[in-house]
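This report concerns only the one structure given below.
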Amino acid sequence: MPIINRLLHITNFKYPLLRTIVPSVGAALAIQLAAGLPSVLASTERFFDISGSLTFLAVGALSLYLPHLRNRAGNATLSRLSASWNWRQVVVTGMAMAWAARLGAYLFRRISQDGHDPRFDTLRTKPLRFASAFFMQAVWVSVMLMPVMALNAVPAAAFAAVPRLAVTDVLGIGVWAGGIALETAADVQKSRWVEGRRKKEHDEQFLKTGLFGMCRFPHYFGEISLWTGLATTCAGVLALKPIQLALGFRTPAGIVATTALSFVAPAFSGLLLTKVSGIPLTEARHDEKYGGRADYQEWKRNTPKLVPKLW
């Protein structure tokens, strides 16, 4: 297809990282533009979260497939396409996409039941600010997928010179599995609690039992943990000498660069959840609704905010 070949030619940079990151970020912006325009015109946030998840899925798949797409555009023979992927690239991409699919389904189901998202109560009627939310979502997707894009940028041949399995692979995948399990369990517990309250099976005003008795935001702790695990897996392999050379790095500064690209995802997630949109907004709503209750104040005082038994 001429248009795709033209885009591949324009983004055919010297360095593998740029060849993958630039078109992937461009795709994130394009998808959010396509989702944001009708949403702004209709003043509805119903498809905001699901469009974010779909962008995650599309950009993750694109970053994995781009090297092969370039080969095809160059008329290279690809007899066994999947054989040129290293297992880490497939697994890490799958980890990010599994999280995005799970979260997107959960949030879309929630807004379908509630009918609105309180985050957009003051935004949906302000077109420019509402549109900026979709732009920021494209930025969010791009930053969170940075370790995945960095790993997928590694030429296939470079993996032949690295160990099949490293300590960071086991550690990172293990932390990711624990994090997504915690986040999923917390979301399931909260959904059941909300459904029970709707059916008048209990009259509790706020959730303070189970995982929410260990810390006030266990789902956020799980999310930061899973991205830390994914970053650990990516940073570990990207720091290996054959990978560094394949990416065009010749000095120790390359390890610093790839480690930063990997851990920007959990750092950005932690910043958003603890300082911007996660905990601050949720806690403000809870304080407004339940601030006068003694049991709520006791729960806040005696229950760690994010990390069980610590903080």
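Values in this document were obtained by computation on a predicted structure and should not be read as measured data.
Between L145 and V148 the shortest side-chain heavy-atom distance falls below 4.5 Å. Using a 4.5 Å heavy-atom cutoff, the side chains of V154 and L238 are in contact. When side chains are defined from C-beta on, S51 counts as touching Q137, because their heavy atoms get closer than 4.5 Å. Proximity of W299 to D295: side-chain heavy atoms (C-beta onward) are nowhere separated by under 4.5 Å. Two residues are said to be in side-chain contact when any heavy atoms from C-beta on lie closer than 4.5 Å; L33 and F135 fail this criterion. Using a 4.5 Å heavy-atom threshold, the side chains of L17 and M146 count as separate. Using a 4.5 Å heavy-atom threshold, the side chains of T258 and L247 count as touching. You'll find the side chain of F47 stays beyond 4.5 Å of the side chain of I111, heavy atoms only.
For Y15, the OH atom is loosely surrounded, since the number of other residues' heavy atoms within 6.0 Å does not exceed 12. The number of heavy atoms from other shown groups lying within 6.0 Å of CG (L41) is above 12. The number of heavy-atom neighbours closer than 6.0 Å to CZ of R192, taken from other residues, nucleotides and ligands shown, is 12 or below. By the 6.0 Å contact criterion, NE2 on H202 is enclosed, its count of non-hydrogen atoms from other residues, nucleotides or ligands being greater than 12. Heavy atoms of other residues, nucleotides or ligands lying less than 6.0 angstrom from CG of D203 number 12 at most. Remark: R250 CZ is packed, more than 12 non-hydrogen atoms of other residues, nucleotides or ligands lying under 6.0 Å away.
Between H286 and Y296, the ring planes lie perpendicular to each other; the angle is over 60°, past the 30° to 60° tilted range. Aromatic ring pairs are classed by plane angle as parallel below 30°, tilted from 30° to 60° and perpendicular above 60°; the pair F56 and W140 is perpendicular.
Note that CD1 of I279 is 5.0 Å distant from CG of L306, once rounded to the nearest 0.5 Å. Expressed to the nearest 0.5 Å, how far NZ of K241 lies from CZ of F249 amounts to 15.5 Å. A distance of 11.0 Å separates CG of L18 from CG of N12, quoted to the nearest 0.5 Å. With rounding to the nearest 0.5 angstrom, the CD1 atom of I180 is 10.0 Å from the CG atom of D187.
A donor-acceptor pair is defined here as one N or O able to donate and one able to accept, closer than 3.5 Å; no such pair exists between the side chain of S269 and the backbone of P266. A donor-acceptor pair under 3.5 Å is absent between the side-chain atoms of T259 and the main chain of V256, judged by distance alone. Looking only at distances, a side-chain donor or acceptor of Q189 sits under 3.5 Å from a matching main-chain atom of T209. A distance-only check finds no donor-acceptor pair linking the side chain of R19 to the backbone of L66 [under 3.5 Å]. In terms of modelled atom types and a separation under 3.5 Å, the side chain of S53 and the main chain of A100 share a donor-acceptor contact. The main-chain N or O of K300 is found under 3.5 Å from a side-chain atom of R216 such that the two form a donor-acceptor pair. With hydrogens and angles ignored, the 3.5 Å screen pairs no side-chain donor or acceptor of E288 with any backbone N or O of R285. Under the 3.5 Å distance criterion, the side-chain polar atoms of T232 are left unmatched by any main-chain donor or acceptor of G172.
Side-chain polar atoms of R6 and T11 form no donor-acceptor pair below 3.5 angstrom. For the 3.5 Å distance criterion, the side chains of E45 and S39 fail to qualify, holding no donor opposite an acceptor.
The pair E201-R197 fails the salt-bridge criterion, with no side-chain N (NZ, NE, NH1 or NH2) lying under 4.0 Å from an Asp/Glu carboxylate O. A salt bridge is absent between E298 and R301: the closest approach of a Lys/Arg side-chain nitrogen to an acidic carboxylate oxygen does not fall below 4.0 angstrom.
In this structure, V237 is a member of the same hydrophobic cluster as L261, with clusters built from ILVMFWY side-chain heavy atoms closer than 4.5 Å. Linking ILVMFWY residues whenever their side-chain heavy atoms come closer than 4.5 Å, directly or via other members, leaves L57 and Y65 in distinct clusters. Linking Ile, Leu, Val, Met, Phe, Trp and Tyr whenever their side-chain heavy atoms come within less than 4.5 Å puts V143 and V59 in one cluster. Taken together through direct or relayed side-chain contacts under 4.5 Å among Ile, Leu, Val, Met, Phe, Trp and Tyr, F48 and F108 form parts of separate hydrophobic clusters. The same ILVMFWY cluster, assembled from side-chain heavy atoms under 4.5 Å apart, contains both M214 and L273.
What you find for I31 and A58 is that their closest heavy atoms are CD1-CB, 3.6 Å. What you find for L151 and C234 is that their closest heavy atoms are CD2-SG, 4.1 Å. Contact between M149 and T20 at its shortest, heavy atoms only, is O-CG2, 3.6 Å.
The stretch residues 214-240 participates, sequence neighbours left out, in these ring pair (Phe, Tyr, Trp, His ring centres under 6.0 Å) pairs: W99-W227, F212-H219, F217-Y220.
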